[in-house]
Amino acid sequence: MKQKLVSLLQQSVEILKSKGILDKKLNPTINVDHTRDTRHGDFSTNLAMVLAKPAATNPRQLAEKIISILPADPLVFKIELAGPGFINFFINADAQFQIIKQIHDEGRQFGLSKIGSGKKVQVEFVSANPTGPLHVGHGRGAAYGSAIADLLTAVGFDVSKEYYVNDAGRQMDILTTSVWLRYLEECGEVVTFPLNGYRGEYIRDIAFTLHKNRGNEYRRPSELVTENIPADETQGGDKEKHIDALIDRAKTLLGSSLYDDVFQAGLSVILGDIKQDLEEFGVTFEEWFSEKILMENGSIKEALKRLDNAGYLYKKDGATWFSSSQLGDDKDRVVVRDNGQVTYFASDIAYHMNKLDRGFDQVINIWGADHHGYIPRIRAAMQALGADESKLKVLLVQFAILFRGTEKLPMSTRSGDFVTLRQLRSEVGKDAARFFYVMRKSDQHMNFDLKLATSKTNENPVFYVQYAHARVCSVLRQLDEKGWKRDLLLGMDNLNLLDEEYELAIITTLSKYSETLERAALQYEPHLLIHFLRELANNFHTYYNAHQFLTEDATLRNARLNLICATKQILANGLSLLNINTPESM
RNA sequence: GCGCUUGUAGCUCAGCUGGAUAGAGCAUCGGCCUUCUAAGCCGAGGGUCGCAGGUUCGACUCCUGCCAAGCGUGCCA
């Protein structure tokens, strides 16, 4: 409908040009919007006000000219000039009713589009270090990322979801050492656990299982473990030096093969847990991409070589630097440390090179907002590699601050003191959690009140939308109990009986579904879909309270049934797109 | 200090990329269940859109400068 009006206006602009009222070179973008107020009709354009200045006339006069030359269309039954120069369109009600038939015909397909035209898009998200269970902060990234991916799929992109597994580097060494130290405790050794180790209970569980399965194979006397290790911070030393020394000691005492066993024991348990957790949350990935493999197959070396060949690497203070400041970064960055180890940044360069080599038209990274400072250096690296950095889109998700009532909850992976995604799901359920996460704009700081989300009653907006769906189902059950049958065609032939204010409101909302979906996808703003669903549910509940659907009059009854079934269909389409259930009764 | 993000009702947040009288939920107050589920509906109160300028027919929206909050500013990841 919108497109139709745009093309009508386009024609008028051409006529104005040919009459010399408008400059031929002028090529205005024509804006047609849904009106907020029904008194302003169904659609409105600001075209006359935009063109008033170049046409050297006042907006209302120009608007009158536009209206007078606007080609007639059977769908438009009234055009009005209003306010400072708005042109308002009133759409023929019969035309509006078409949406009900269309929704019925297309069913679950309704609203999907092909605007993405099969372009290959990769969405990388969550990618939490496999050093512990996912917490509620990761949950937001998971919900947002999968919503983005599903929305893009719905509008015709070829989407691939990926989780980048940071299974290499120092954090994993700390994890491995933490597991090993807990394992030694299981064996009966007495060791002081480092301040900087992972202190969570799950580490003990892994250690317990390791001990149960492999006995004392990895046991070493505690004297050897702690001998000549620099003091921890609690003893007035440096906690980083302390843990690094313990890592080295673990590697020496165990040898690379046994050390790797402990490493694998930790990684497989934690990663398995993460996979299962996400799956239960309704989030799946096509690819779990291992950083370790990237390291082992020479990709990092290759990436560094390419940077070097392009003249972007230099040595300083024993380290190798990437001169990212030439390409818009604040300062240059180290890629190989003076001890010969590559930095996380180096493997990330290789990872992004790999992504682009895989031929995606667009690569979307969803990062926690605390990584925003990282964007310029990644872009710099992509430019240096000669890649098209405009293919990269980084979406930031602000952290959720957790509250329980007014009490702010701590969030620290290292101390093991955090609320897990699993806990959240078991407290509030998958549906509420997903809805809640995606309800807010992603770049908005979010206060997540567990007490509020836990209250299973009125405060969870997800129930409001689900209830609307369940209510329609309930009406259909009632229809059955009364011994009536739904007569689809009779209803469709009498849609013009739907002339109540609330009925027209629903129809208007329904007609916005497709464009809402498209906008939500292209702008990466799933909350728009949530807001749409709340509005539709609100329209429905209001209607439900004001009018009886199951009337004695079969024509009216069936017309209304068609309307509420279309509503049910759209609620179901929207909710299932967000991976939220659509209960038939509540 | 510099950079990014944010600032809208008592609280949590929308505001369709510059449009018409700034909206919703919660909370407060007042109504609606012998009639399709009251997890619902209707009504009332509540606003200097952080502050000050600027741009134009028009600014919550764009620009500049302040103020405030969060994050970043590692040879950590």
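Only heavy atoms go into these numbers, but all of them, side chains included; no hydrogens, no water, no symmetry mates. Each chain gets a letter, A, B and so on, in the order the sequences are listed, and its residues count up from 1.
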Measuring only the C1' atom in each nucleotide, how far is C60(B) from G50(B)? A whole number of Å is fine. 12 Å
Are the ring of His531(A) and the six-membered base ring of A14(B) within the stacking cut-offs of under 5.5 Å and under 30°? no
Once you apply the 3.5 Å cut-off to both distances, tell me the Watson-Crick or G-U wobble partner of G40(B), or none. C32(B)
Suppose we define a pair by two distances each less than 3.5 Å, Watson-Crick or G-U wobble; what does U73(B) pair with here? G1(B)
Send over the distance from Arg60(A) CZ to C57(B) C1', rounded to a whole Å. 13 Å
Scan every strand shown for a Watson-Crick or G-U wobble partner of C60(B), both distances under 3.5 Å, and answer none if you come up empty. none
Nearest heavy atoms of Leu313(A) and Val335(A), plus distance in Å: CD2-CG2, 4.1 Å
Determine the Euclidean distance between corresponding C1' atoms of G15(B) and C76(B); express it in Å to zero decimal places. 40 Å
Does Arg534(A) make a cation-pi contact with Tyr464(A) (under 6.0 Å, within 45 degrees of the axis)? no
Return the value, rounded to whole Å, for the distance between atom OH of Tyr524(A) and atom C1' of U17(B). 15 Å
Mind checking the C1' distance from C67(B) to C26(B)? Whole angstroms is fine. 30 Å
Now, which nucleotide makes the Watson-Crick or G-U wobble pair with A22(B), with each of the two distances under 3.5 Å? none
For atom P, what is the distance between C4(B) and U64(B), given to the nearest Å? 10 Å
Phosphate oxygens OP1/OP2 of A77(B): is one of them under 4.0 Å from a side-chain N or O of Arg337(A)? yes
Answer with yes or no whether the side chains of His547(A) and Glu503(A) bring together a donor and an acceptor at under 3.5 Å. no
From the set G25(B), C71(B), A77(B), return the single nucleotide nearest to any side-chain atom of Gln171(A). A77(B)
Determine whether the aromatic ring of Phe86(A) stacks with the base of A20(B), defined as ring centroids separated by less than 5.5 Å and ring planes inclined by less than 30°. yes
Testing the 3.5 Å rule here: is there a donor-acceptor pair between the side chains of Tyr163(A) and Glu124(A)? no
In whole angstroms, the gap separating C1' of C76(B) from CG of Leu175(A) amounts to 16 Å
Regarding A20(B), can its base be found pairing with the side chain of Ser44(A) as donor and acceptor, where the two atoms are less than 3.5 Å apart? yes
Rounding to an integer number of angstrom, what distance separates G46(B) and U28(B) when you compare their C1' atoms? 10 Å
Just checking Ser474(A): base, sugar-phosphate only, or nothing, at a heavy-atom cut-off of under 4.0 Å? base
N or O in side chain of Asn538(A) less than 4.0 angstrom from C41(B) OP1/OP2: yes
Looking at His541(A), does any N or O in its side chain come under 4.0 Å of the phosphate oxygens OP1/OP2 on C42(B)? no
With a 4.0 Å cutoff (strictly under), does any side-chain N or O of Arg36(A) reach OP1 or OP2 of G19(B)? no
What is the nucleic acid contact for Thr320(A), judged by heavy atoms within less than 4.0 Å: base, sugar-phosphate only, or nothing? nothing
Taking donor-acceptor contacts at under 3.5 Å, does the side chain of Asp370(A) reach the base of A77(B)? no
Counting only side-chain N and O atoms of Tyr543(A), is one of them less than 4.0 Å from OP1 or OP2 of C36(B)? no
Looking at every strand, decide which applies to Phe345(A) at a 4.0 Å heavy-atom threshold: base, sugar-phosphate, or nothing. nothing
Considering only side-chain heavy atoms of Gln548(A), which listed nucleotide, U35(B), C71(B), C75(B), is closest? U35(B)
For G7(B), which nucleotide is its Watson-Crick or G-U wobble mate, given both distances must be under 3.5 Å? C67(B)
So Tyr464(A), base contact, sugar-phosphate only, or nothing? Heavy-atom distance under 4.0 Å. sugar-phosphate
Aromatic ring pairing Tyr374(A)/His371(A), orientation class (parallel under 30°, perpendicular over 60°, tilted between): perpendicular
C1'-based separation of C71(B) from C75(B) [nearest Å]: 23 Å
Pair assignment for A27(B), Watson-Crick or G-U wobble, requiring both distances under 3.5 Å: none
Heavy atoms only, 4.0 Å cut-off, all strands: where does Gln341(A) land among base, sugar-phosphate and nothing? nothing
With sugar-phosphate meaning primed atoms plus P, OP1 and OP2, does Ala52(A) contact a base, only sugar-phosphate, or nothing at under 4.0 Å between heavy atoms? nothing
From the list C16(B), G40(B), U21(B), which nucleotide is the closest neighbour of the side chain of Arg39(A)? U21(B)
Of the nucleotides C4(B), C13(B), G15(B), which one has an atom closest to the side chain of His372(A)? C4(B)
Side-chain contact check for Asn129(A): nearest option of A77(B), C75(B), C36(B) is A77(B)
Using the P atoms only, state how far A9(B) lies from U61(B), rounded to an integer number of Å. 15 Å
Could you tell me whether Arg557(A) sits above the aromatic face of Trp484(A), with NZ or CZ closer than 6.0 angstrom to the six-membered ring centre and within 45 degrees of the axis? yes
Lys441(A) side chain near G15(B) phosphate (N/O to OP1/OP2, under 4.0 Å): yes
Looking across every strand, which nucleic acid part, if any, lies under 4.0 Å from Asn88(A) by heavy atom: base, sugar-phosphate, or nothing? base
By the 4.0 Å heavy-atom rule, please label Ala470(A) as base, sugar-phosphate, or nothing. base
What contact category does His527(A) fall into here, base, sugar-phosphate, or nothing, at under 4.0 angstrom with non-hydrogen atoms? sugar-phosphate
C1' atoms of G18(B) and G54(B), separation to the nearest Å: 15 Å
Taking atom types as they are modelled, is there a donor-acceptor pair under 3.5 Å from the base of G19(B) to the side chain of Asn46(A)? yes
Look at the side-chain N and O atoms of Arg471(A) and state whether any lies under 4.0 Å from the OP1 or OP2 oxygen of A38(B). yes
Hey, does Lys331(A) reach any base, or is it just sugar-phosphate, or nothing, if we go heavy atoms under 4.0 Å? sugar-phosphate
